[in-house]
Enquirer: 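What follows is a single structure, and I will ask about it in a moment.
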2 protein chains.
Amino acid sequence: MVAKTYTIRDVAEKADVGVGTVSRVINNSPLVSEKTREKVLAAIEELDYHPSPIARRLSTGGRSQAIGIIAPFFTRPAYVGRLRGIETALLESQYDLILYNVETPEQRDDLFKRIPRERRVDGLVIITLHPTDEDVRLFKQYGMPVVLVDSKHSELTSIIIDDIDGGRQGTQHLIDLGHRKIAFLSDYIDYPFGFGASQQRLKGYRQTLERNNVVFKEQYHRQGDHSKAAAYRLAQELMALSEPPTSIFTTSDTHAIGCLEALQALGLQVPEDVSVVGYDDIEVSAYIGLTTVSQPLFQSGVDGITTLMEIIDNGSDEAPSRSITLPVNLVVRETTGPPPSN
Amino acid sequence: MVAKTYTIRDVAEKADVGVGTVSRVINNSPLVSEKTREKVLAAIEELDYHPSPIARRLSTGGRSQAIGIIAPFFTRPAYVGRLRGIETALLESQYDLILYNVETPEQRDDLFKRIPRERRVDGLVIITLHPTDEDVRLFKQYGMPVVLVDSKHSELTSIIIDDIDGGRQGTQHLIDLGHRKIAFLSDYIDYPFGFGASQQRLKGYRQTLERNNVVFKEQYHRQGDHSKAAAYRLAQELMALSEPPTSIFTTSDTHAIGCLEALQALGLQVPEDVSVVGYDDIEVSAYIGLTTVSQPLFQSGVDGITTLMEIIDNGSDEAPSRSITLPVNLVVRETTGPPPSN
DNA sequence: TATAAATATGGAACCGGTTCCATTTTATTG
DNA sequence: CAATAAAATGGAACCGGTTCCATATTTATA
């Protein structure tokens, strides 16, 4: 049942050379005469021989020709945007893509330990998650190249999104429109799982309030999981306050859509009664006219992969870590306007 | 630099047994005494020994514990919905997910040949793409379990979406509303890459027109690539006809959004001037009030994976192929209404 | 032509597991 | 207790590559 596959010994026999010579040919060693090389290549072609990647990997830890991506809840629109950049960057490369989805801290811990040891991937892009110092020590111990995207560690090369500036831009926009009751709706900030981006955005939000002498109100900061349904519920809670906000700044477009649905259900007009700002600028944001902080999802994916491939190609597990900061950019559409006059 | 990893020989030495005994312990063979087993497990724990997956795979073609997914343009919303089902089904399993993205027929051909040979995955889910008889022969030759999702081959187990019925339901809905000028906007039907789904939907569309004595008009069928931008352009072309359609049935929600944007730009009201029906029911379809043929994206992903895992666990490359057909379901929202009165 | 230097080659040992058969140990029976 | 049967064990051979050193061959020099 299992197909007949030829081995290096079959090629050696057909070409009447030793296995070492075949190995030298398939690995482009200069230490083979042209005449012998051609004889071996003819045998390879005749047998349709392909070296076993498995055997290669065992004998010398040869490359797996795969890149691992670790991301939490990777089917969320923001991650999909990054994934799009990733697959575009990988398209013309010889690397396969292995996706490791994470939904709990336990899974994260298991993967951070397992992946370097298993040597299934030549390098790793970690999206949004924060490796500990101990994790980083293990990566280096196993010589595993790692690039962080939307995350930062002093010893690893990082593609950083300027989320503090994103929080600032969204908040300043609302303040410039005259809003002073600005709610902030985010992922769980203190979730031990450790999404850093929302923390940075909250920081930008709070700094901007302060800089404009607007008092931060605890009840205007709502946290929930990343789903649209959670945002729907939280928006309803916000609007049920005795002094509801005149605007809501969310930390994802998915959350923004949940808010818009809730406001719609409450018979409120956007932006006449309440303004809404999203974050990400996913594909449908233009159609629904969402004002949002656009982040370079696609570009961060591309940069993460190209940087990692450089590190792998340079065999530079000793290279100093770098930080690349990508800017964000407020896109004003139709979900923001001045607050109601009363 | 490379970390110290222990081998089976180290364990054997520490436990004062032979390597065969260690192998029997780690593979749960009954042919080990309880006393010896405990001695070996203690040594394993003390050394924090983990068997090398690579060496295992070489010696017996052991399982790779990974499942491959081949999908074209996999970051499209419809594929993401399936991916969501896939990752949910994989979450509690021990399988890693390897994604093979395809954007050309050449890539597809390369992958269909390479993947079975490389033995990197224990099984394969192929989404939407159609393997040839020759491809299937090769899968069987290498004993590679394969499940098709939204695709069909008589010798492979398939999860099928009833796309003819989907085409029928969307078209019948428009006819019931009084529409007779119904445009159909799809992917390239004759594209040699072979997306079958759009062909089936077109078939449902044409059969339903016929069944209702509506003449099929060639200029009402427009084809383009899968992007929103293509749909925007095609919708503009349709509305520029001397007798423009009163409704547009698209074969993806992404296309529907492109149409809605185009109609908006043309100052047309939806559904008062033109009705729009999508296909997929992606996450934002509810918010934008899109009438769409909802297909069980999530469920098809789950079924594809669970079926494949069954096949793998049963070692049943000899099992007869099965077909599972999942229904589609028209969801009427706000983008469809009666045609203009004139 | 003989010698030295350079180049090319073959294949045993190794990578870290699995397996199967020869051998050893334990349990059972007469 | 001895003989037989059953259970447990050890380790050489194998999986399919890579590599490095001993050896063979070719080339250059005197």
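Each chain gets a letter, A, B and so on, in the order its sequence line appears, and its residues count up from 1.
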Enquirer: In Å, rounded to the nearest 0.5 Å, how long is the span from CG of B/Leu124 to CG of B/Leu308?
Expert: 7.5 Å
Enquirer: What is the distance, rounded to the nearest whole Å, between atom CD1 of B/Ile26 and atom P of D/dT9?
Expert: 15 Å
Enquirer: Please report the distance, rounded to the nearest Å, between CG in A/Asn28 and P in D/dT19.
Expert: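 A/Asn28 atom CG is separated from D/dT19 atom P by 13 Å.
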Enquirer: Quick check for you: among D/dG17, C/dT18, D/dT18, whose closest atom lies nearest to any side-chain atom of A/Thr7?
Expert: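 Out of D/dG17, C/dT18, D/dT18, the nucleotide with an atom closest to A/Thr7's side chain is D/dG17.
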Enquirer: Select base, sugar-phosphate, or nothing to describe what A/Arg24 touches, counting heavy atoms under 4.0 Å on all strands.
Expert: base
Enquirer: Tabulate atom names and distances for all N/O pairs under 3.5 angstrom spanning the protein and nucleotides 22-24 of chain D.
Expert:
none

Enquirer: Closer than 4.0 angstrom, basic N to acidic O: yes or no for A/Asp16 and A/Lys39?
Expert: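 A salt bridge is absent here (no side-chain N lies under 4.0 Å from a carboxylate O).
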Enquirer: Can you work out whether B/Gly20 or B/Ala55 has the more 5'-proximal nearest nucleotide on DNA chain C?
Expert: B/Ala55
Enquirer: Could B/Arg82 and B/Glu87 be called an ion pair, given the rule that one side-chain N must be under 4.0 Å from one carboxylate O?
Expert: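 Here B/Arg82 does not pair with B/Glu87 in a salt bridge, since their nearest N and O are not under 4.0 Å apart.
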Enquirer: Closest nucleotide of DNA chain D for B/Asp16 versus for B/Arg119: which of these residues is on the 5' side?
Expert: B/Asp16
Enquirer: At 4.0 Å (heavy atoms only), tell me whether B/Thr60 reaches a base, stays on the sugar-phosphate, or touches nothing.
Expert: sugar-phosphate
Enquirer: At under 4.0 Å, does any side-chain N or O of A/Ser52 touch on OP1 or OP2 of D/dG16?
Expert: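 Negative; the distance criterion is not met.
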Enquirer: Between B/Ser23 and C/dG17, is there a contact of a side-chain N or O with OP1 or OP2 at under 4.0 Å?
Expert: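 Result: no.
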Enquirer: For B/Ser59 and B/Lys35, take the nucleotide of DNA chain D holding the closest heavy atom to each; which residue's nucleotide lies nearer the 5' end?
Expert: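 On the 5' side of the pair lies B/Lys35.
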Enquirer: How many angstroms lie between CD1 in B/Ile54 and CZ in A/Arg119, if you round to the nearest 0.5 Å?
Expert: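 If we round to the nearest 0.5 Å, B/Ile54:CD1 and A/Arg119:CZ are 4.0 Å apart.
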Enquirer: Does D/dG17 have OP1 or OP2 under 4.0 Å away from a side-chain N or O of A/Tyr49?
Expert: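 For D/dG17, OP1 or OP2 has a side-chain N or O of A/Tyr49 closer than 4.0 Å.
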Enquirer: Within this structure, what is the CD1-to-C1' distance between B/Ile8 and D/dA13, rounded to whole angstrom?
Expert: 15 Å
Enquirer: Give a yes/no on whether any side-chain N or O of A/Ser33 is located under 4.0 angstrom from OP1 or OP2 of C/dA8.
Expert: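 The answer is no; no side-chain N or O of A/Ser33 sits under 4.0 Å from OP1 or OP2.
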Enquirer: Hey, what do you get for CD1 (B/Ile44) to CZ (B/Arg37), rounding to the nearest 0.5 Å?
Expert: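 Reported value, rounded in 0.5 Å steps: 10.0 Å.
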Enquirer: Between D/dA8, C/dT9, D/dG17, which nucleotide gets closest to the side-chain atoms of B/Leu31?
Expert: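 Ranking D/dA8, C/dT9, D/dG17 by closest atom to the B/Leu31 side chain puts D/dA8 first.
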Enquirer: What nucleic acid atoms does A/Arg9 come within less than 4.0 Å of, heavy atoms only: base, sugar-phosphate, or nothing?
Expert: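 Base contact.
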Enquirer: Just the rounded figure in Å: distance from C1' of C/dA8 to NZ of A/Lys39.
Expert: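 Roughly 12 Å, once rounded to whole Å.
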Enquirer: Base, sugar-phosphate alone, or nothing: which one does B/Ile54 contact when heavy atoms must sit under 4.0 Å apart?
Expert: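 No contact.
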Enquirer: Would B/Asp96 and B/Arg120 pass as an ion pair if we require N to O under 4.0 Å?
Expert: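 No, no charged N to carboxylate O under 4.0 Å.
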Enquirer: Just do the salt bridge (charged side-chain N to carboxylate O under 4.0 Å, His left out) check on B/Asp135 and B/Lys113 with the steps written out, would you?
Expert: CA-CA 7 Å; B/Asp135 293 326; B/Lys113 285 180 63 176; over 6 Å; no
Enquirer: Between B/Arg56 (CZ) and D/dG16 (P), how many Å, whole number?
Expert: 19 Å
Enquirer: Considering only D/dG11, C/dT18, D/dG16, which nucleotide approaches the side chain of B/Leu58 most closely?
Expert: D/dG16
Enquirer: Anything under 30° is parallel, anything over 60° is perpendicular, the rest tilted; go ahead and classify A/Phe73 against A/His226.
Expert: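 A/Phe73 vs A/His226 ring planes: tilted.
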